[in-house]
Amino acid sequence: SLGWTHMGYNNGVFALLQDNVSYILGLENQKKLYFISAVSSFVPLGAFVGCLLAYFLQTKYSRRHCMLIADAMGFIGSLLTLIANVTTIILGRLLIGLCIGANVLIVPIYVREFSTAKNRGMLIGLGGLCNYIGAFATYILGFGITPKEEWNDSQWWRVMFGIALIINVLRALLLQTVFTYETPTYLYFYVSEHASKESLRIIYKEEFIQNKIEHLENEKRQYTSTETGFSLFSSLFKGKFRRAAILTIILAQLHQYNGVHCFSYYAKSLVQGDPNRPFGMTTVVTLTILISVIKALSAWVSSAIVDVFGRRSLFVLGFAGCFLLEVTLGVFSYAKLYAYSIMNLYMYLLVYTTTIGPVLFTYVSEVLPEAGVTLALLAHWFGFFLVIQVFPFLEAGLGLSGTFFVFSSFCLLGFIFCYLYIPETKGVPRDEILSLFSETKSDQIELLNRKIQE
């Protein structure tokens with residue numbers, strides 16, 4: 001999950017350094033805006049491509065080697081951002097995006113394939129915690145940013161960009177020295193049953209190995225296809241995966257349109273307080289750090305409760321809570337009630353990062369085969385890119401309060417959608433999950449009967 005730490009760190013570091021770096025590069029006014037927009041857009045664009053690239057690499061070179069390739073791309077990208085040049089920084093952020101996209105696809109799959117049905121949600125959910133720890137690290141390092149009059153002489157921006165190198169190198173070293181084994185699922189699907197058994201012995205006692213092999217055989221029968229290349233993506237919508245693929249892709253889109261990026265943007269100005277009576281620097285710093293603390297703690301809580309309350313319950317409660325909180329924040333921001341808006345912001349972050357934020361990746365990775373996970377995450381990154389592009393126009397046309405009302409409508413749609421269509425997968429062995437998405441009820445009834453007998 002260090003790959004998720006890398007993602008959280010890189011998603012947060014440029015937001016803190018954009019003014020500093022623009023000043024170093026001599027960019028002002030429109031040129032500065034174009035530069036910031038390009039750098040911000042190229043990360044999700046790179047992630048989109050990286051996710052697709054990782055899909056083809058992870059079956060040919062294995063999950064572990066794919067993560068090593070991702071670390072190499074992230075390492076080169078971070079090196080390029082250390083050069084005070086517009087082109088190299090934009091190219092570097094694109095390569096970092098490739099690394100992020102690959103990690104978002106591969107890490108949940110890798111963790112899932114080393115997990116049991118009972119702790120699968122918790123272990124995958126720890127990736128969300130690592131993501132927010134990475135973001136928290138950027139805020140702490142942000143204290144080292146010098147005043148503007150010292151920017152020409154300060155190299156702190158290079159230090160902050162360079163920290164991402166350490167994360168890439170650390171994970172690569174761990175994968176080469178400690179975590180040198182492949183997942184049982186990958187080995188069973190693409191290497192041999194004997195190799196899979198050796199990997200399973202890392203997780204299970206000997207008496208459970210054969211039972212797990214039988215589950216892997218059922219899983220292989222259900223989740224492998226005779227289709228190859230890009231045709232495998234289209235085949236998802238024709239056969240047994242059709243309903244699961246459609247529902248998870250819609251869910252991934254609604255996950256992005258819930259307004260969290262709007263909140264993140266608004267938080268930067270919100271913690272300043274009333275423009276006529278702004279807060280002091282100590283208060284601003286405290287409120288900003290508290291945002292990261294809430295995210296990290298909430299993600300930890302989410303990883304602890306996802307296998308207790310279930311995925312569907314957290315989706316339903318999360319979308320409902322985000323809807324109510326976005327409506328109230330729209331009212332508070334329109335009325336310029338800054339104290340209430342700040343409390344509302346914290347409550348929103350608490351709800352989002354405990355529920356729908358990290359749980360999506362757990363759900364998608366356990367429901368679909370690799371091609372389906374790739375499609376769902378491509379939809380996720382497309383939604384991220386779209387929100388970044390559309391948000392400034394929404395804010396300019398409707399104001400922040402109107403923008404919150406727009407995003408709240410997607411939260412309401414998410415609540416209705418999850419309540420009506422998303423089945424619960426908590427504790428269900430992966431080779432039985434597809435039965436939950438059957439368009440007829442016979443497979444679901446059969447699975448329910450087995451659960452009752454157990």
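Heavy-atom basis, side chains included; hydrogens, waters and symmetry copies ignored. This is a predicted model, so every value here is computed, not measured.
- Under 3.5 Å, the side chains of S408 and E326 contain no donor-acceptor pair of N or O atoms.
- The closest side-chain donor-acceptor pair between R171 and Q176, if any, does not fall under 3.5 angstrom.
- F241 and F437 have their aromatic ring centers separated by at least 6.0 angstrom.
- A cation-pi arrangement is absent between R312 and Y421, since the terminal nitrogen or guanidinium carbon is not both under 6.0 Å from the aromatic centre and inside a 45° cone about the axis.
- Residues F407 and L394 are in side-chain contact: their nearest non-hydrogen atoms beyond the backbone lie under 4.5 Å apart.
- The aromatic rings of W381 and F384 lie tilted to each other, with the angle between the two planes from 30° to 60°.
- The residues E182 and R63 are annotated as not salt-bridged, no charged nitrogen and carboxylate oxygen being separated by less than 4.0 angstrom.
- Using cut-offs of 30° and 60° for the angle between ring planes, the W4 and F361 rings count as perpendicular.
- If you check the side chains of N258 and Y348, you find a donor sitting under 3.5 Å from an acceptor.
- Within 6.0 Å of the CZ atom in F417, the count of heavy atoms belonging to other residues, nucleotides or ligands exceeds 12.
- In plain terms, the two heavy atoms of M7 and V104 that are nearest each other are SD-CG2, 3.4 Å.
- Applying the salt bridge (Lys or Arg N to Asp or Glu O under 4.0 Å) test to every pair with at least one member in residues 6-33, sequence neighbours left out, gives these pairs: D19-K32.
- Around CZ of F309, the count of heavy atoms belonging to other residues, nucleotides or ligands within 6.0 Å does not exceed 12.
- Across all their heavy atoms, I96 and G74 have their closest contact at CG1-O, 4.2 Å.
- Within 6.0 Å of CZ on F35 lie more than 12 heavy atoms contributed by other residues, nucleotides or ligands.
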